[in-house]
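Just so you know, these numbers use all the heavy atoms, side chains as well, and skip hydrogens, waters and symmetry mates. So you know, we letter chains A, B, ... as the sequences are listed, proteins then strands, and number each from 1.
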Amino acid sequence: MRYWLMKSEPDEASIDDLAKAPQRTLPWTGVRNYQARNFMRDIMKIGDGVLFYHSSCPEPGIAGIAEVSSTPYPDPTQFDPKSDYYDAKSTQETPRWTLVDVVFKKKIQLIPLAELRAHPELADMRVLAKGNRLSITPVTEAEWAFITKQLAKQTA
DNA sequence: GCCAACGTTGGC
DNA sequence: GCCAACGTTGGC
């Protein structure tokens with residue numbers, strides 16, 4: 001059982017979108033970075049914990065808790081010429097991009113990026129590392145426990 | 001809009 | 001295999 005932080009632009013898929021989705025589940029489409037893909041393809045397991053992070057928005061930060069809910073399978077958007085995520089070099093026989101489904105667990109009061117940075121317990125979080133751009137990063141058990149038990153507040 | 005940092009591409 | 005050029009990410 002592992003833990004992850006997964007970035008999503010709320011304009012595309014917010015924690016509310018996840019909560020409203022059928023079965024409260026969304027496929028994590030659009031990852032086009034090999035390291036992030038490899039996490040989904042090779043390491044993630046059903047039941048892994050996910051910190052749902054809002055990025056590239058007015059209030060970046062952790063917006064909710066989710067969970068990995070499928071085994072890996074090909075990202076369908078890579079085959080769709082109309083999609084922003086279309087990849088002409090990928091084929092059905094040897095798909096390049098793999099994803100997992102993620103299921104909603106709960107929405108929390110947003111934990112802003114600045115607050116994450118303010119806690120010494122989280123100083124080593126991968127997502128906070130200088131220059132980090134990776135959209136999926138591993139979270140340690142200690143970081144997960146601190147965030148979910150100390151920082152996460154239920155929304156009203 | 002700016003810009004630092006990073007990942008990818010492609011010529012050699 | 002190297003590395004410059006380019007495109008993207010993402011906070012501010």
Side-chain angles (χ1 to χ4, degrees), chain A residues 2-21 26-44 48-68 72-140 142-144 146-148 150-153 155:
Chain A
R2 296 174 191 267
Y3 305 97
W4 307 92
L5 181 142
M6 298 174 81
K7 293 182 194 169
S8 181
E9 301 190 12
D11 284 351
E12 282 207 33
S14 70
I15 190 72
D16 293 323
D17 295 328
L18 184 62
K20 284 184 303 197
L26 287 173
W28 205 262
T29 53
V31 168
R32 295 295 179 268
N33 167 284
Y34 291 106
Q35 233 184 312
R37 178 205 66 182
N38 292 348
F39 285 144
M40 292 196 284
R41 190 188 63 183
D42 305 332
I43 308 183
M44 281 188 182
D48 279 5
V50 173
L51 302 171
F52 194 107
Y53 181 94
H54 285 175
S55 70
S56 294
C57 60
E59 287 189 301
I62 297 171
I65 311 294
E67 206 171 276
V68 174
Y73 64 97
D75 181 342
T77 63
Q78 72 194 303
F79 306 123
D80 177 3
K82 292 190 296 294
S83 168
D84 286 345
Y85 302 118
Y86 177 64
D87 185 345
K89 293 182 186 155
S90 188
T91 64
Q92 297 276 352
E93 292 71 34
T94 53
R96 181 181 293 196
W97 305 109
T98 299
L99 53 65
V100 297
D101 289 343
V102 164
V103 63
F104 177 87
K105 284 288 152 185
K106 65 179 175 186
K107 184 178 178 178
I108 60 173
Q109 236 179 76
L110 187 95
I111 308 171
L113 178 58
E115 182 178 353
L116 297 175
R117 290 198 189 283
H119 290 285
E121 293 89 342
L122 304 179
D124 294 332
M125 274 191 89
R126 278 282 288 281
V127 72
L128 302 182
K130 182 180 168 69
N132 172 72
R133 290 189 333 186
L134 200 53
S135 65
I136 301 178
T137 48
V139 171
T140 68
E143 290 160 355
W144 174 269
F146 183 76
I147 291 168
T148 56
Q150 311 294 317
L151 303 187
K153 298 192 184 72
T155 47

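D101(A) and Y73(A) share a donor-acceptor pair across their side chains, judged by distance under 3.5 Å alone.
With sequence neighbours left out, the side chain to side chain contact (heavy atoms under 4.5 Å, CB included) criterion links T137(A) to L5(A), R126(A), V127(A), N132(A), L134(A). The side chain to side chain contact (heavy atoms under 4.5 Å, CB included) test applied to S56(A) returns E9(A), not counting sequence neighbours. Considering only residues two or more places apart in sequence or on other chains, K153(A) meets the side chain to side chain contact (heavy atoms under 4.5 Å, CB included) condition with Q109(A). Applying the side-chain hydrogen bond (donor to acceptor under 3.5 Å, both in side chains) test to K105(A) and every residue at least two apart in sequence or in another chain returns nothing. Checked against salt bridge (Lys or Arg N to Asp or Glu O under 4.0 Å), D17(A) has no partners two or more places apart in sequence or in another chain. For R133(A), the side-chain hydrogen bond (donor to acceptor under 3.5 Å, both in side chains) test picks out no residue, with sequence neighbours left out.
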Passes side chain to side chain contact (heavy atoms under 4.5 Å, CB included), I147(A) versus Y3(A)? Steps please. CA-CA 11 Å; I147(A) 291 168; Y3(A) 305 97; over 6 Å; no

List the steps and the verdict of side chain to side chain contact (heavy atoms under 4.5 Å, CB included) for F79(A) and Q92(A). CA-CA 8 Å; F79(A) 306 123; Q92(A) 297 276 352; 3.6 Å; yes

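Between L122(A) atom CG and L151(A) atom CG the span is 6.0 Å, to the nearest 0.5 Å. For the atom pair Y34(A) OH and F39(A) CZ, the distance stands at 16.0 Å (nearest 0.5 Å). To the nearest 0.5 angstrom, W97(A) atom CH2 is 8.5 Å from Q78(A) atom CD.
Contacts of residues 51-64 of chain A with DNA chain C (heavy atom under 4.0 Å): Y53(A), S55(A), S56(A), P60(A). Non-hydrogen atoms lying under 4.0 Å from DNA chain B are contributed by K130(A), G131(A), all within residues 118-131 of chain A. Near DNA chain C, meaning a heavy atom under 4.0 Å from it, residues 93-102 of chain A has no residue at all.
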Which donor-acceptor pairs under 3.5 Å do side chains of residues 110-118 of chain A form with protein atoms, sequence neighbours excluded?
residue: E115(A); atom: OE2; partner: H119(A); partner atom: NE2; Å: 3.3
residue: R117(A); atom: NH1; partner: L128(A); partner atom: O; Å: 3.1

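Ion pair D75(A)/R32(A) flagged as a salt bridge, since at least one NZ, NE, NH1 or NH2 atom sits closer than 4.0 Å to an Asp/Glu carboxylate oxygen.
The overall bend of the helix from dG1(B)-dC12(C) to dC12(B)-dG1(C), read as the angle between its terminal helix axes built from five base pairs each, is 10° when rounded to 10 degrees.
Considering only heavy atoms from C-beta on, W144(A) comes within 4.5 Å of L51(A) through its side chain.
The CG atom of L5(A) sits 14 Å away from the C1' atom of dG10(C) (whole-angstrom rounding). L134(A) has its CG atom 12 Å from the P atom of dT9(C), to the nearest Å.
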Can you give one letter per nucleotide of nucleotides 3-8 of chain C, going 5' to 3': B for a protein heavy atom under 4.0 Å from the base, S for sugar-phosphate only, - for none? ----BB

